[in-house]
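Everything on this sheet refers to the single structure shown next.
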Amino acid sequence: MIRPRSISGLREFLPAEQIAFNRCVEIVRKHFELAGAVPLSTPAFELREVLLAKEGGDSVDRQVYGVHRLADGGEDTDYALRFDLTVPMARFVAQHAGELTFPFRRYQIQPVWRGERAQAGRYREFIQCDIDVVGDQTLSLINDAEIPAIIDGIFKEMNIGPFQIRMSNRKLLEGFLSGSGIPSDAIADAMRVIDKIDKVGPDEIRKELAETFSPGAEQLDRIMVYVSLRGPAEEVIEKLLTLAPADSLNETYAAGVEELTTVARAVASLGLTSETFVLDLSVARGLSYYTGTVYETTLVDHPGIGSICSGGRYENLAGLYTSRKLPGVGISIGLTRLVTRLMEAGLLAVEQATTAPVLVTVLDPGSLDRYLNVAGLLRKAGIGAEVATEQRKIGQQFKYADRKGFILALVAGGDEFAAGTWQVKTLATGEQVVIEEVKLVETIRRMLAG
RNA sequence: GCGGGUGUAGCUCAGUCGGUUAGAGCGCCAGAUUGUGGCUCUGGAGGUCGUGGGUUCGAUUCCCAUCACUCGCCCCA
């Protein structure tokens, strides 16, 4: 016998957890579709050259799983499992550009695989929920503002406590660092250091920047003040102009200020307030492909969970696959990690282990046809129902109902059959009412609604 | 790729300074209660002590290796 065990870093859920997880998926899907995004589904694996087109070197390679037929041995592989949904989408858009209507606004909720060492909250297989808007040649900055609005709707409906969508613009930080004397070939590294500020704290960042780039004390102070800017959009923009007037730096910086201002205004017009949306100049994102707007989202009461959703604008991601310029902006929710952490923190209710609200108990096995018949009636009316066929005793049937979290139980035996009635029991309270069979569906529908 | 921690019942863990029948809580099953769950009580099932080797009269315990899980670092498109 082979001992059943799962592979490290692969998370699977028990039924009640999976039901809670699926509820979250439905919320995400609903808001994506409310924003007009169309569904896209791409295969789990792609050609290796397509997937690894975007350089990144060994650090990227190392995390990608190769796919090969067992008979082929395994050293060389032409296929690989996708590690995100953005790259497959870029390939798809480039490939089908002639058949798509732009701007192409798509969402995609599928698993991705990353060959990392497992650690708390990091999995080797997880579900990502992506939404992106891709334009033909150009893409309005208004789309950059829609992204936070969509995310805002999702997390509010998930009811997971206070959260903060933090936005910045890479041109801003890039221009600022460059204007502060950081050599251009070191800017990406400096941004990676700064991006960790939330995790390791400002003191550590200061230390790392000092060690790596040895700027003057005055410069370092300026950088630290700058990356610590965080708050309501108007306030941050005002401070940012005071701290470093746009014309005193460079074009990149000036463009960043302008873009950030435009996007922040549109976000406000879409109804977001500083309660859930702020500007945060330390947001940089490690990704090299982001070129403008960047987002990061955190739970205010649970900073330890880290970023639960992030993304940004990329001017030319599909440029890897086509000469047609296709700029995009998008965001991704790492749903597996988010939901797992929410469950651990008790922020997500995990209760029912059934998808049907009604259990039809079997008091008299000789009248099984009646029980099956009523289950069929309920199902035809769109009400989920299960018949308790496996437990001999009624007590066991109720215990089963209790454990799986059914809302209602139907009970009937000889007396009820003779009278043409059913007893409907509300499991949470133990309350039980007698209902005529002709009114049963209607009554149950009302009870479930209330 | 690098470093730390842990492997004993389904789960969380205790224990054995090396000794004959390895424990608890929770969970599970049954009964008390043959047309009613959650609470209570009683009884019961369930263990190659991760695996392989070494030391020893004797190893779940000590040593080595290995595997697995786990936490962190690197990285995280």
Side-chain angles (χ1 to χ4, degrees), chain A residues 1 3-11 14 46 50-64 80-91 112-124 126 128 130 132 188-189 192-193 195-196 199-200 204 284-291 294 296 304 306-307 310-312 314 317 320 328 330-332 334 337 351 359-365 367 388 391-417 422-434:
Chain A
M1 197 187 290
R3 194 173 159 217
R5 61 219 147 107
S6 46
I7 299 170
S8 160
L10 306 189
R11 172 74 198 226
L14 291 170
E46 297 267 350
V50 165
L51 224 42
L52 299 180
K54 201 195 74 58
E55 50 24 89
D58 298 341
S59 62
V60 165
D61 242 68
R62 182 174 116 195
Q63 296 191 356
V64 176
L81 289 176
R82 61 167 174 244
F83 46 77
D84 76 358
L85 300 176
T86 311
V87 169
M89 177 207 64
R91 185 226 88 214
V112 302
W113 295 268
R114 293 187 187 178
E116 326 184 51
R117 272 306 168 82
Q119 56 181 286
R122 294 185 66 182
Y123 302 103
R124 302 203 291 185
F126 56 97
Q128 275 198 331
D130 275 38
D132 289 84
D189 285 341
R192 195 170 303 129
V193 172
D195 199 47
K196 291 192 295 187
K199 192 176 173 189
V200 299
E204 180 64 27
R285 306 287 297 122
L287 263 51
S288 50
Y289 67 49
Y290 290 125
T291 51
V294 280
E296 201 80 74
S307 177
S310 56
Y314 35 90
L317 183 66
L320 295 164
I331 200 161
S332 173
R337 163 157 75 176
E351 284 155 3
L359 180 71
V360 180
T361 62
V362 176
L363 201 49
D364 170 21
S367 306
Q391 301 80 10
R392 187 183 300 260
K393 297 162 129 185
I394 190 80
Q396 294 172 321
Q397 295 177 26
F398 277 108
K399 192 165 183 178
Y400 173 76
D402 188 47
R403 293 178 54 179
K404 280 188 73 171
F406 287 93
I407 312 286
L408 301 175
L410 288 191
V411 189
D415 297 348
E416 286 80 5
F417 294 147
W422 288 84
Q423 298 214 31
V424 182
K425 177 164 180 162
T426 305
L427 286 155
T429 60
E431 221 173 310
Q432 199 160 318
V433 292
V434 179

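In what follows, every chain begins at residue 1, and chains take the letters A, B, ... in the order their sequences are listed.
- Contacts of A:Lys393 with the nucleic acid, taken as non-hydrogen atoms under 4.0 Å apart, involve only primed sugar atoms and P, OP1 or OP2.
- A straight line from CZ of A:Arg392 to P of B:G35 spans 13 Å, rounded to a whole angstrom.
- Stem analysis of RNA chain B (at least three stacked-register Watson-Crick or G-U pairs, each with both distances under 3.5 Å) gives B:1-7 with B:67-73, B:10-13 with B:23-26, B:28-32 with B:40-44, B:50-54 with B:62-66.
- OP1 or OP2 of B:A30 sits under 4.0 Å from a side-chain N or O of A:Gln396.
- At the heavy-atom level, A:Arg124 lies nowhere under 4.0 Å from the strands shown.
- Taking atom P on both nucleotides, B:C62 is separated from B:C69 by 24 Å, rounded to a whole Å.
- B:U42 and B:G4 have their C1' atoms separated by 47 Å, with the value rounded to a whole Å.
- The side-chain heavy atoms of A:Gln396 and A:Tyr400, taken from C-beta on, include no pair separated by under 4.5 Å.
- When heavy atoms are screened at a 4.0 angstrom cut-off, A:Val411 is found touching base atoms of the nucleic acid.
- Proximity of A:Gln128 to A:Asp84: side-chain heavy atoms (C-beta onward) are separated by under 4.5 Å at one or more points.
- Per the geometry, CZ belonging to A:Phe406 stands 17 Å off P belonging to B:G38, to the nearest Å.
- At a cut-off of 3.5 angstrom, the base of B:G38 holds no donor-acceptor pair with the side chain of A:Lys399.
- When the P atom of B:U36 is taken as reference, atom CG of A:Leu359 falls 16 Å away, rounded to whole Å.
- Below 30°, between 30° and 60°, or above 60°: for A:Tyr289 and A:Tyr314 the angle between ring planes is above 60°, a perpendicular geometry.
- At whole-Å resolution of the value, CZ in A:Arg11 and C1' in B:C69 are 14 Å apart.
- Atom name C1', nucleotides B:G43 and B:C63: the rounded distance is 44 Å, in whole Å.
- Side-chain atoms of A:Asp195 come within 3.5 Å of backbone atoms of A:Ala284 as a donor-acceptor pair (strictly under, hydrogens ignored).
- Rounded to a whole Å, the CG atom of A:Asp84 is 19 Å from the P atom of B:C75.
- Two residues are said to be in side-chain contact when any heavy atoms from C-beta on lie closer than 4.5 Å; A:Tyr123 and A:Arg114 fail this criterion.
- The nearest whole Å value for the distance from the CD atom in A:Gln63 to the P atom in B:C75 is 11 Å.
- Distance, A:Glu351 CD to B:G38 C1': 15 Å, rounded to whole Å.
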Which atoms of nucleotides 70-72 of chain B (N or O only) lie under 3.5 Å from a protein N or O atom, and what are those distances?
residue	atom	partner	partner atom	Å
B:U70	OP2	A:Ser8	OG	2.9
B:G72	OP2	A:Ala120	N	2.7

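- Using a 4.0 Å cut-off between charged nitrogen and carboxylate oxygen, A:Asp402 and A:Lys399 do not count as a salt-bridge pair.
- At least one side-chain heavy atom of A:Val64 sits less than 4.5 Å from a side-chain heavy atom of A:Leu52.
- Here A:Glu416 lies in heavy-atom contact (under 4.0 Å) with a base.
- Of the residues near RNA chain B, A:Trp113 and A:Phe398, the one whose nearest nucleotide (by heavy atom distance) lies more toward the 5' end is A:Phe398.
- Here the separation of B:A9 from B:U66, taken at their C1' atoms, is 25 Å to the nearest Å.
- The gap from the C1' atom of B:U36 to that of B:A32 amounts to 16 Å, rounded to the nearest Å.
- Residue-level contact check: A:Ala388 touches neither bases nor backbone, having no heavy atom under 4.0 Å from any strand.
- When the C1' atom is used for both B:G7 and B:C11, the distance is 15 Å, rounded to whole Å.
- Using a 4.0 Å heavy-atom distance criterion, A:Gln397 is classed as making no nucleic acid contact.
- Within the nucleic acid shown, A:Ile394 comes within 4.0 Å of sugar-phosphate atoms alone, with no base atom in reach, counting heavy atoms only.
- Looking at A:Leu359 and A:Leu408, their side chains never come closer than 4.5 Å, going by heavy atoms from C-beta outward.
- A donor atom on one side chain and an acceptor atom on the other are found under 3.5 Å apart for A:Gln432 and A:Gln423.
- Ring pair A:Phe417/A:Trp422 is perpendicular by interplanar angle, where above 60° counts as perpendicular and below 30° as parallel.
- Annotation: B:U12 and B:G3 have their P atoms spaced 28 Å apart (nearest Å).
- At the phosphate of B:C28, OP1 or OP2 sits under 4.0 Å from a side-chain N or O atom of A:Arg403.
- Between A:Lys404 atom NZ and B:C28 atom C1' there is a gap of 17 Å when expressed in whole angstrom units.
- Spacing of P atoms, B:G54 relative to B:C17, comes out at 25 Å, to the nearest Å.
- A:Asp415 comes within 4.0 angstrom of a nucleotide base, judged by non-hydrogen atoms across all strands.
- The existence of a salt bridge linking A:Glu431 and A:Lys425 is excluded, since no basic side-chain nitrogen approaches an acidic carboxylate oxygen closer than 4.0 Å.
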